[in-house]
Structures are given as structure tokens and as C-alpha cells.
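Reading through the C-alpha cells given below for one structure.
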Protein chains: 2
Amino acid sequence: MGGRRHMTGTTPAVPSRSDAVRNRRLLLDAAAKTFAERGVEVSIGEIAQRAGVGKGTVFRHFSSKEELLAAIMLGMLDELVGTGTALLAEGDPGRALHAFMTAGVEIFVRDRAFCEVIGRPSLQNPQVRDAIDRLCDVAEALTARAREQGVVRPDVTGTDVALLLGGIQRTAESLLSAEPQAWRRYLELAFDGITTHTGRTLPHPPPRHLPLAAPAADHGR
Amino acid sequence: MGGRRHMTGTTPAVPSRSDAVRNRRLLLDAAAKTFAERGVEVSIGEIAQRAGVGKGTVFRHFSSKEELLAAIMLGMLDELVGTGTALLAEGDPGRALHAFMTAGVEIFVRDRAFCEVIGRPSLQNPQVRDAIDRLCDVAEALTARAREQGVVRPDVTGTDVALLLGGIQRTAESLLSAEPQAWRRYLELAFDGITTHTGRTLPHPPPRHLPLAAPAADHGR
DNA sequence: CCTCAAGGTGACCGAGCGGTCCGTTTCGCT
DNA sequence: AGCGAAACGGACCGCTCGGTCACCTTGAGG
């Protein structure tokens, strides 16, 4: 997982001095928690404070806020890809797909920054995009198995499934503080939607991949 | 629509001088377009520029950015409530509910600020909350009709339907720039999910209303 | 045409942000 | 213990934002 002494883009992967490794760990942990609770808008200063280090130390380890964020998002994406890959060994394709979707929505529900970053290509760095591609691939593999067995309707793709994860979280979002498990309701609803056989095919052609190459012709005014 | 000469909260409803009414109109139009395209984060300065007025003029008409935003959100919510109410007269309850959901998702898709504001109670003023309550009520009325006729499964509520609107938009979000109509696919998927009869009941108790009374125990650090 | 209050405006303010820099501390090696 | 390099920290910079204010313009009644 990741080259040892290659530089990970712009910042040395892992420093050698003991205080530096410890602070890097503290920093990653604090950032993960803070981003999860409060979203991408939290200030670097607050993360530093929570980690018990100075603001400058943050930028010694990560050249920018975005890089710190990407490091954390990448870890979670890889974890989910791993879960999906492991589930390809599960015998029952329907159960495997359901378990994958459960794991996916759980991440969205747990982490506010994850929700905000995924699907906003304008904010994403190349590594995150690659990880999302891999996520779509494993979702497609799981979906294909279920589709061939007739568990899911024939015109549903892995990209559909990946996109639904965020949609399910969004549906449950405003209930989450009062009903932390409400998302399971909407996961089941969506799962019934993709497994029901109406005879009709869904409107609009199914998505093959995510359009991740946003030229970001943004608010350059 | 709405009281004529009542003051709308904190700012005089409609001024009397001709230039003032005209500028107010320009401002509302520019703000609606800008919020729709770019979300709540756009600066007041940009809205003013787009309306062709000075920044100070914005604050003469609306005491804060949030009030301007609320005025626009309120208009759209009321419009959707009106559409839903009208659809209660439609003969076919299933078609009526489907049409209501279509109208709802269309608004979400068209307006980025709408997506960002709805369901974030921490940002909402009382009038917007009331409008959302009314929206849930009309959604419940439409859903109840469809439920009684056996069109939708028995354990689906109007609040479920209202929440799904945002979820559907979110699902289609990253496809929207390349495939502006992709949301129809996920609307159909969700509609199939609430109309299919699996025999199983959904997990988690159905939501009765939205928990709109967020005490906002926020990042007051 | 005159008057004056209502309306318009942009320089300005304070707060918060990401990111930089350099004097100071600490680690690890000899 | 002594030393050089690496890491630390927080004052600091430039920028943007929402919101204010004192001065100027303009509409409309007389």
C-alpha cells in the first residue's frame, strides 16, 4: 500500500524523527475526526489545536489543506474498495451487494467531509479520482454478479450503485441527529428499487462511469 | 401571495419609490439566478454587481444575506407547495404523487442553493421552517391517497417522500453537467422502491415530521 | 422649480481564512 | 556532552467576506 520512500505527490511520505512521526499520527487522527464531524470547512487552526500542535506543523507535514484532506479521503476510499473486493468472494451475490452498499452508506453517514468531497470533482486531486474509479469498478463487479443472477434488474450498473450511496445518505441526513439509523430505511428502499422487476426499463441511459474530468470553468470572475 | 403591507419579518416588504421597487426586483432576480447557479457561498458583492447596483443597496433591501436567501427559498417552497396542492385534485393518486416528486426534484436540480439549504436546519429561519412543514403536509396528503389505493407500500410516509427528493438530486448530482436529465432515472428507481410490494416492511420506524428544531449547538469555540 | 426624505454607493471595518517565515526547541548521532 | 539538522510554533501576510456609514443622488409632492 503506497511506496515507502517515494514522495506522495508533494510531501515526504513519512518522516524519520520520532516526534515527527508521532505528530503526523496525531495530526491525521485529529483531522479525520474533525473533518468527519464538521466537514471540509473546518480551519486548519482548529485541527492543529485538536492535535495539540502548532499551525505551522500542519503545513510541514501536508503542503496544503487539500492535501491533508485528500490523504484522509484516500484512506477511506481504499478501505471501502477493500471491503468490496473481499465481498466478491461471498457466495450470495445479492447479499454481497447489500453488504457493500451498507458499508458504503455507513462511511457517508459517519463522515461529513466525505459527503462533501465525493462527487464534487472540482475539488478533487488525481489520486482521489483514481480511488473513485476503483470504487466504481468494484461496485460494477459486485453489481454484474447480482445482475447475472437476476437479483438486480438488468439495466442497473455499478455506477448507479456507487451514486446511490450518497443519495441514500442525503435522504436520511436531516434525520440523522435524532435517528442515527434512519439511513437503513432508505438503503432498503433503494435496494428494493434496484432489485424489483417491473418489466419497464429505467428512463435515461445507465451511467457507465463518473465524469470525473471536470474542467472547472469556475467562478473565475 | 402573502400579506400585502405586513412587514416580512425585519425589512419593509415593498418600498414605494419607483427606483426602489425596480432595484428590489433586479436584486431578487439576480440573487435567485446566482444562488441557483453557484450555491449559498456566493458573495453579496457578486449578486450586487450582477444586479447592477452597489453593495450597500443590497443591505438597504435585506438586512442580511440570510434574509435575502430566505426570501428566495420561501418563494420556491411556496411554489412547490402550490403545485402539490393542485395535484390533490388529480384523479389518479399514483400519477399525482409522481408528478409532485418530479416537480420537487426539478427544483433541487435547478437550484444549487436550494439543495444546500433544505435539510440544514442550522441555517434556517422560522419562515423557511414553516414552509418546509407545509411541504411535508402536502407530501403527506398526496402520499396518503396513494397509500390508501395500494399504489405505494403501506409503511411509506409523506416525510419519506419529501426527503427522497433531495436524495434523488444528490444521486444524480455528479452526472448533471454531462447528463442534465439523469435525475429522471433515479426518480424512477425511487418511485419503484416506494411502490413495489415486497411483503417485508422497511426497517426503522417511518419518519413523521422533520426534526426542524435544531438548537444549533454549533462550533461556538 | 424647489425641497427633502428616501434611496444609492463604495470606501471602510473587523473577523477569519490558508499559507509563510524565522527564531527556538528537540532529536539522534558521535 | 556537544553539535548539526530536522522539526516546531506562532506572529505575520494577503485576501475575501458580511456588514456599516457618511456622503451624494434622485424621485415626487407642492
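Atom CG of B:L27 and atom C1' of C:dG8 are 12 Å apart (whole Å). Counting to the nearest Å, the P atom of D:dG18 and the CD atom of B:E41 are 9 Å from each other. The distance between atom NZ of B:K65 and atom C1' of D:dT16, rounded to the nearest whole Å, is 11 Å. Atom CD of B:E46 is separated from atom P of D:dC15 by 19 Å (rounded to the nearest Å). At whole-Å resolution of the value, CZ in B:R22 and P in C:dG7 are 13 Å apart. Rounded to an integer number of Å, the gap from CZ of A:R60 to C1' of C:dC21 is 11 Å. Rounded to whole Å, the distance from CZ on A:F62 to P on C:dT20 is 15 Å. The separation between A:L68 atom CG and C:dG18 atom P is 11 Å, rounded to whole Å.
OP1 and OP2 of D:dT16 both lie 4.0 Å or more from every side-chain N or O belonging to B:S43. Between B:N23 and C:dG8, a side-chain N or O to OP1/OP2 separation shorter than 4.0 Å is present.
For B:G56 and B:I44, each mapped to the nucleotide of DNA chain D holding its nearest heavy atom, the one lying further toward the 5' end belongs to B:I44. If you find the closest nucleotide of DNA chain C to B:V58 and to B:R17, the one lying nearer the 5' end belongs to B:R17.
Residue-level contact check: B:V21 touches neither bases nor backbone, having no heavy atom under 4.0 Å from any strand. Looking at heavy-atom distances under 4.0 Å, B:S18 makes contact with sugar-phosphate atoms alone, never a base. Note on B:K55: a base of the nucleic acid sits closer than 4.0 angstrom, heavy atoms only.
Closest approach to the A:D19 side chain among C:dG19, C:dT26, C:dG8 is made by C:dT26 (side chain taken as heavy atoms from C-beta onward). When the nucleotides C:dG7, D:dC8, C:dG8 are ranked by their closest atom to the side chain of B:H61, C:dG8 comes out on top. For B:A20, taking side-chain heavy atoms from C-beta onward, the closest of the listed nucleotides D:dG19, C:dT26, C:dG8 is C:dG8.
The only member of B:L97, B:T102, B:V152 that meets side-chain contact (heavy atoms from CB on, under 4.5 Å) when paired with B:F191 is B:L97.
To the nearest 0.5 Å, the span separating CG on A:L135 from CG on A:L165 amounts to 7.0 Å.
Neither side chain, B:H61 nor B:E67, offers a donor N or O lying under 3.5 Å from an acceptor on the other.
Between B:Q127 and B:M73, the closest side-chain pair of non-hydrogen atoms is not below 4.5 Å.
Using modelled atom types, no side-chain atom of B:R112 and backbone atom of B:A36 make a donor-acceptor pair closer than 3.5 Å.
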